[in-house]
Number of protein chains: 2
Amino acid sequence: MNAMTPSPTTNKRQHVVDTAYALFKRDGFHATGIDRIIAEADIAKMTMYRHFPSKDELIVEVLEHRARRFERQLDRLAQEVATPEQKIGKIFDWHERWFRSADFHGCLFAHALAEFGDPGHPVFKAVARQKNGLKRRMQSILEEVMPPGQAESAAAALLMLIEGATLMAQMGQPAIDGARKAAAAIIASARTPQ
Amino acid sequence: MNAMTPSPTTNKRQHVVDTAYALFKRDGFHATGIDRIIAEADIAKMTMYRHFPSKDELIVEVLEHRARRFERQLDRLAQEVATPEQKIGKIFDWHERWFRSADFHGCLFAHALAEFGDPGHPVFKAVARQKNGLKRRMQSILEEVMPPGQAESAAAALLMLIEGATLMAQMGQPAIDGARKAAAAIIASARTPQ
DNA sequence: TAGGTATGAGACAGACCTGTCTCATCACCG
DNA sequence: CGGTGATGAGACAGGTCTGTCTCATACCTA
């Protein structure tokens, strides 16, 4: 296997992940059958099952791939600005662009949580990892300007706002501006408690 | 049909709704089959299909029943207190108790939105009605102490907080206190803009 | 050229899905 | 007693689900 030419295995595997992502996003997890995925990806069923031992593991793979991509994008955005307020602002910017994108269908992780509510299920755990990652990111940003305790609860509040804004955006109600103002009020309040 | 004795039709119908609610809440909508519902409710399949023309309509009925129940409970709680802050506080109280309840599995409406993402689908519309109802309720409470424009965006922010808190509660992360503090900051900020 | 690997194509199993149909039964009511 | 409406029980159709299996076919490399 030449190291310069990408492995065909990797290509097929990623192609399945991308195709499954698009279908899961639009139609949901249980409503999207394996047959639909392989038809859309134009691959044989066995090709998929050779890469992923089960549909559940494919779902986890899709979620983890999207989570990594999300983290990379936020990393990049954070480097563009200096102050904690600006970094938080960039996170809201990211979501605002996402809400306006043509194929926005809500948060895939929240949807996964809705369909896999068992805390022991691998999909549930993958969702928890992603949400905790975002919360930790905001928390460490806020710790630059407030004590850790304040930063923890403020980060939780910001995460709630973002999740809520995503849900409202899915219902066609633009609320990112309100979320932004509320976030500013929360941060200001945490900066100067009482 | 005697008006004093409740119609057996109504009883069976409600029994199906209640049983379906418990199963949808725990396992999701697509993952819960008709066969499971009628087995758990201990009724014949035809009895169900005589009351509900399709599974989708049963889902809508379940959602609407829960929405009516929710509205009644909030109506009652609102009458116990006087100030807008207290009324909003009662809404957060309700959610706090809900999060602590033994069979809490997240918001059924949010889950329905995850599985029925088509805005034209009756289930989607039922979800939008419920969320808009809660937002309107908070908005009219807030209009007692701030201009309508401020009340609208503050209500949207509070709704986002509540939805986000529900999602975090489902992931086992208690965040209602943080949401409460954030709500106070939002309302204070809207009361005295700038 | 020979061999190993990835893939394609599709049959197949066994279960589950929604929704319809028939026939029997039971309760109530005039 | 006779009739009516709600219900029970279960077969049935037609489709879809996940996952496994076999066999043929490319393709790259040694």
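This is a predicted model, so every value here is computed, not measured. Residue numbers begin at 1 in each chain, while the letters A, B, ... track the order of the sequences.
- Counting only heavy atoms from C-beta outward, the side chains of Gln150(A) and Glu143(A) never approach each other to under 4.5 Å.
- Between the C1' atom of dG10(C) and the OH atom of Tyr49(A) lies a distance of 15 Å, rounded to the nearest Å.
- Whole-Å rounding puts the Arg50(A) CZ to dG8(C) P distance at 9 Å.
- Ile59(B) places its CD1 atom 13 Å from the C1' atom of dC17(C), with the value rounded to the nearest Å.
- Mapping Gly33(A) and Thr47(B) onto DNA chain D by nearest heavy atom places Thr47(B) at the nucleotide closer to the 5' end.
- Checking Gln170(A) against His111(A) by side-chain atom types alone, a donor-acceptor pair falls below 3.5 Å.
- Taking the centre of each ring, Phe70(A) and His65(A) stay at or above the 6.0 Å mark.
- Atom CG in Asn11(B) sits roughly 15 Å away from atom C1' in dG5(D) (whole-Å rounding).
- Across the protein-nucleic acid pair, Lys55(A) atom NZ and dT16(D) atom C1' stand 11 Å apart, rounded to whole Å.
- The side chain of His51(A) places an N or O atom within less than 4.0 Å of a non-bridging phosphate oxygen (OP1 or OP2) of dT7(C).
- The separation between Asp35(A) atom CG and dC16(C) atom P is 18 Å, rounded to whole Å.
- Taking 4.0 angstrom as the limit, Lys45(A) places none of its side-chain polar atoms (N or O) nearer than this to OP1 or OP2 of dA11(C).
- Whole-Å rounding puts the Ile43(A) CD1 to dG10(C) P distance at 15 Å.
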request  = Apply salt bridge (charged side-chain N to carboxylate O under 4.0 Å, His left out) to Arg137(B) and Glu71(B), showing your working.
outcome  = CA-CA 9 Å; Arg137(B) 172 183 295 268; Glu71(B) 295 283 341; 2.5 Å; yes
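- For Met48(A) and dG10(C), the CE to C1' distance is 17 Å, given to the nearest whole Å.
- Each of Met46(A) and His30(B) was matched to the nucleotide of DNA chain C holding its nearest heavy atom; the match closer to the 5' end belongs to Met46(A).
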